[in-house]
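Structure first, then comments.
Whatever order the structure lists them in is the order used to number ligands and atoms, beginning at 1.
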Amino acid sequence: MSKLSSHFVCQSCGASFPKWAGKCEACGGWNCLVEEAASSGPPKGLNDAKNRAKSNRIEFVPLKSESEREIPRRLSHIGEFDRVVGGGLVSGSATLVGGDPGIGKSTLLLQVVCRLAALHKVAYISGEEAIDQVRLRAARLGLADAPCSLASETSVRDIVASVDTKDAPDILIIDSIQTMYVDTLDSAPGTVAQVRTSAQELIRIAKKRDISLIIVGHVTKDGTIAGPRVLEHMVDTVLYLEGDRGHQFRVLRGVKNRFGPTDEIGVFEMTDKGLLEVQNPSALFLADRRDDMSGAAVFAGLEGTRPVLVEIQALVAPASYGTPRRAVVGWDNGRLAMILAVLEARCGVGFGNNDVYLNVAGGLRITEPAADLAVAAALLSSLTGEPVPASCVAFGEIGLSGEVRRVSQPELRLKEAVKLGFTQSIMPSSDKARNASPTPMLRTTEIRQLSELLPLFQAEAQVRRA
Ligand code: TYD
Ligand code: MG
């Protein structure tokens with residue numbers, strides 16, 4: 001019997017199969033089996049006496065660099081973008097910008113690249129749009145005169161050949177990686193193999209020529225297209241442009257950054273002149289708020305280094321039949337279930353026969369557990385019909401025993417609340433030393449247990465009625 005000379009390895013989970021198949025039986029991924037040569041015989045020691053001659057000794061250097069220079073950054077002077085990438089683009093780096101189709105990635109990057117064109121040599125390669133389409137968009141954005149080189153191309157071989165020269169561009173945009181193909185592979189553009197190989201080639205050339213490479217990648221909810229997720233470990237920085245197409249806000253979120261902090265967000269507003277920076281997102285997210293409504297609470301959140309206030313809305317309505325519904329927009333489903341369970345078990349407030357809807361106003365998506373207390377306040381307010389005081393913000397994490405836990409940077413959250421005219425806060429109890437109130441204009445109510453929240457509301461309501 002002849003020995004197997006090759007096998008097929010799933011590129012997502014690493015499972016190995018003797019035959020090719022469209023679907024990996026182990027992880028269920030599609031189109032991810034790639035042929036690899038099987039090694040014959042047991043592996044030999046790399047550093048055997050026989051093999052040692054092939055090895056080169058690497059030279060170690062001290063961690064501390066001899067020159068004290070900082071990494072030079074390429075600034076677009078679009079503050080929201082520069083902050084999210086960690087203070088400007090780094091040369092020889094690769095940045096992935098992901099997001100749903102139509103969310104505004106091409107628009108944002110065209111704006112960024114045209115601003116960068118003032119000081120740097122920039123090139124924008126579109127695999128999706130024809131030259132005229134890009135020109136039309138640039139004209140609409142008022143950027144038609146920017147000195148940006150433009151191409152409509154999908155062959156990675158040609159792109160690499162064009163930029164692998166002495167006068168390579170400083171900044172190169174590839175829009176999008178799903179349209180690029182390498183002609184040495186048989187698979188269609190957009191498959192995992194093509195996306196990965198194309199990105200590998202482009203990143204190699206970016207490192208070699210000190211190009212700041214920005215790759216656009218589409219993600220779909222059901223993951224049918226080979227999403228940019230396979231690329232996340234290959235690039236230096238991963239940004240996601242998020243938002244609801246029904247809302248005008250777009251949030252650029254950093255999820256990985258080798259050259260700066262992650263979790264930073266940049267907030268933009270989609271207008272007919274493209275994406276505009278939003279300097280004060282809290283004011284925008286709270287713009288349409290009505291202060292006499294029950295079921296709404298303002299959460300003093302933190303996105304990276306920046307405080308953001310948002311309104312959390314809850315609606316508790318009698319369930320018409322069957323299992324009550326729980327629907328969440330902008331927050332975690334599991335987290336809502338947990339808060340409901342804690343309210344039921346520790347505070348004796350039942351939601352069993354009610355539908356519960358939760359919404360983060362303005363289309364923002366919150367990931368912080370610190371929103372727990374504001375969510376609980378909104379839920380209790382909707383259930384009892386008592387509005388949360390309009391001038392009150394809330395934050396705090398809730399534990400399973402109903403305890404309200406401390407969260408990071410309370411001072412920063414309170415400062416932002418004061419800036420926007422809030423006069424009251426409900427928050428976890430903190431050390432007296434830390435709470436040398438930075439904001440004397442604010443009346444803070446510190447609670448230790450979630451069960452203290454409902455009496456607080458009822459007292460407020462009584463004061464209001466008196
Ligand atoms: P686009 O950048 O093409 O999305 P992506 O590259 O992420 O697929 O954005 C497309 C949407 O943006 C489209 O629905 C129209 C809207 N848009 C505006 O509202 N204003 C503008 O100035 C531009 C250029 C686009
Ligand atoms: Mg696009």
Side-chain angles (χ1 to χ4, degrees), residues 76 78 80-81 84-85 94-117 122-146 148-154 156 159 171-181 189-190 194-195 198-199 202 213-229 231-232 235 237-255 265-278 284 362-365:
S76 69
I78 297 178
E80 297 290 304
F81 180 82
V84 175
V85 294
T95 303
L96 175 69
V97 179
D100 294 339
I103 205 74
K105 300 181 295 297
S106 305
T107 308
L108 175 67
L109 291 177
L110 193 63
Q111 287 179 274
V112 165
V113 89
C114 288
R115 294 290 291 270
L116 280 158
V122 301
Y124 182 100
I125 299 180
S126 177
E128 294 184 347
E129 287 157 297
I131 301 270
D132 284 338
Q133 274 176 301
V134 182
R135 283 191 180 143
L136 207 67
R137 185 195 300 248
R140 187 138 52 92
L141 299 172
L143 300 166
D145 299 329
C148 168
S149 314
L150 190 62
S152 178
E153 184 54 65
T154 53
V156 174
I159 294 172
I171 290 118
L172 177 66
I173 312 268
I174 301 290
D175 186 6
S176 65
I177 194 71
Q178 272 85 14
T179 57
M180 298 293 145
Y181 74 96
Q194 281 287 5
V195 165
S198 304
L202 291 165
L213 174 70
I214 302 183
I215 299 174
V216 174
H218 295 298
V219 236
T220 51
K221 291 243 158 54
D222 51 308
T224 43
I225 308 177
R229 291 205 166 257
L231 303 175
E232 283 187 3
V235 297
T237 303
V238 180
L239 312 177
Y240 274 90
L241 188 62
E242 307 169 340
D244 193 275
R245 248 177 285 174
H247 284 99
Q248 71 271 42
F249 312 119
R250 298 287 182 270
V251 175
L252 185 68
R253 190 185 292 273
V255 294
I265 64 163
V267 183
F268 297 90
E269 190 179 356
M270 181 60 102
T271 66
D272 55 350
K273 296 264 178 307
L275 287 157
L276 298 186
E277 288 179 75
V278 175
L284 203 71
L364 191 71
R365 189 172 57 79

Under-4.0 Å heavy-atom contact with ligand 1, by part of Lys105 that carries it: both
Per-residue contact class, Pro101 against ligand 1 - non-hydrogen pairs under 4.0 Å: backbone
Nearest neighbour in protein (non-hydrogen) for atom 11 (C) of ligand 1: Gly102 O, 3.6 Å
Expected output: side-chain Glu80 to main-chain Glu277 donor-acceptor under 3.5 Å: no
Gln178 side chain vs His218 backbone, donor-acceptor pair below 3.5 Å: yes
Close approach, Thr271 and ligand 1, non-hydrogen under 4.0 angstrom: yes
N or O pair under 3.5 Å between Leu141 and ligand 1: no
Flag: protein heavy atom within less than 4.0 Å of atom 15 (C) of ligand 1: no
Pick from Leu136, Ile103, Thr107: the one approaching atom 24 (C) of ligand 1 most closely through a non-hydrogen atom: Thr107
N/O/S from Ser126 sitting under 2.8 Å away from the Mg ion (ligand 2): no
Interatomic distance, Cys148 atom SG to Leu110 atom CG [nearest 0.5 angstrom]: 6.5 Å
Atom indices of ligand 1 within 4.0 angstrom of Gly274 heavy atoms, with elements: 21 (C), 22 (O)
